[in-house]
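The block underneath contains the structure these notes are about, expressed in structure tokens.
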Amino acid sequence: GGSYSGALRFIGGGSYTEQMRINDDGNVGIGTTSPAVSLDISATDAIQVPVGTTAQRPTAAAGMIRYNSTDGSFEGYTSELLLIHLAVTT
């Protein structure tokens, strides 16, 4: 084996432009060539999180986030493994 220095770049599209990269520090960039955090997405659309019912809740882990299709809320877990609901009220 050997060693490699530099980003792992994913090239695509008709103009062969960089679409994604993984830097030496492990940061992943989608739509950016200089990811500043673990996952850095530069886009104007959205990200999609897992969707499931209340009965399908996973085992809690701090930092998890998902959409609960039973009650129409976003759920997340704190470092104390407390379930929090983020819902819109009208």
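In this chain, residues are counted from 1 in sequence order. None of the values given here were measured: they were computed from a predicted structure.
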Which residues satisfy the side-chain hydrogen bond (donor to acceptor under 3.5 Å, both in side chains) test with [X], sequence neighbours excluded?
{"X": "D71", "value": "S73"}
{"X": "R21", "value": "E18, N23"}
{"X": "S38", "value": "none"}
{"X": "D25", "value": "N27"}

* Kindly write out the residues that satisfy side chain to side chain contact (heavy atoms under 4.5 Å, CB included) with T70, not counting sequence neighbours, or none if the list is empty. =>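 Only T53, T54, N68 meet the side chain to side chain contact (heavy atoms under 4.5 Å, CB included) criterion with T70.
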* Pairing residues for I41 by the side chain to side chain contact (heavy atoms under 4.5 Å, CB included) criterion, not counting sequence neighbours ->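 Side chain to side chain contact (heavy atoms under 4.5 Å, CB included) check on I41 returns I30, L39, A43, I47.
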* If you look at every heavy atom in A62 and S79, which pair is closest and at what distance? ->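 That would be CB-CA, 3.7 Å.
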* Which salt bridge (Lys or Arg N to Asp or Glu O under 4.0 Å) pairs, counting each pair once, include a residue from residues 41-54, with sequence neighbours left out? ->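 Matches after skipping sequence neighbours: none remain.
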* Asked: Pairs in or reaching into residues 49-70: which pass salt bridge (Lys or Arg N to Asp or Glu O under 4.0 Å), with residues at least two apart or in two chains?
  ->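 Pairs touching residues 49-70 that pass the test: R57-E75, R66-E75.
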* Asked: Say you draw a straight line from OG1 of T33 to CD of Q19; how long is it, rounded to the nearest 0.5 Å?
  ->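 Going from OG1 on T33 over to CD on Q19, the span is 12.0 Å.
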* **Pairs touching residues 11-35 that satisfy ring-ring contact (aromatic ring centres under 6.0 Å, His included), sequence neighbours left out** =>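 Listed once each, the pairs would be none.
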* Asked: Quick one: hydrophobic cluster around L82, which other residues, with the 4.5 Å side-chain cut-off, linked directly or via members?
  ->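 L82 shares its hydrophobic cluster with no other residue.
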* **Main-chain N/O of A46 paired with Q48 side-chain donor or acceptor, under 3.5 Å** =>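 Side chain of Q48 to backbone of A46: no pair is present.
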* Minimum side-chain heavy-atom gap I22-F10 below 4.5 Å ->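 Yes, side chains in contact.
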* **Heavy-atom check, side chain of L83 versus side chain of Y77, under 4.5 Å** =>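 Result yes, sub-4.5 Å side-chain heavy-atom pair found.
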* To do: Return the set of residues passing ring-ring contact (aromatic ring centres under 6.0 Å, His included) with Y67 (not counting sequence neighbours), or none when no residue passes.
  =>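 Counting only residues at least two positions away or on another chain, Y67 forms a ring-ring contact (aromatic ring centres under 6.0 Å, His included) with F74.
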* To do: Answer yes if V28 and L8 sit in the same cluster of Ile, Leu, Val, Met, Phe, Trp and Tyr residues linked by side chain heavy atoms under 4.5 Å apart, and no otherwise.
  =>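 V28 clusters together with L8.
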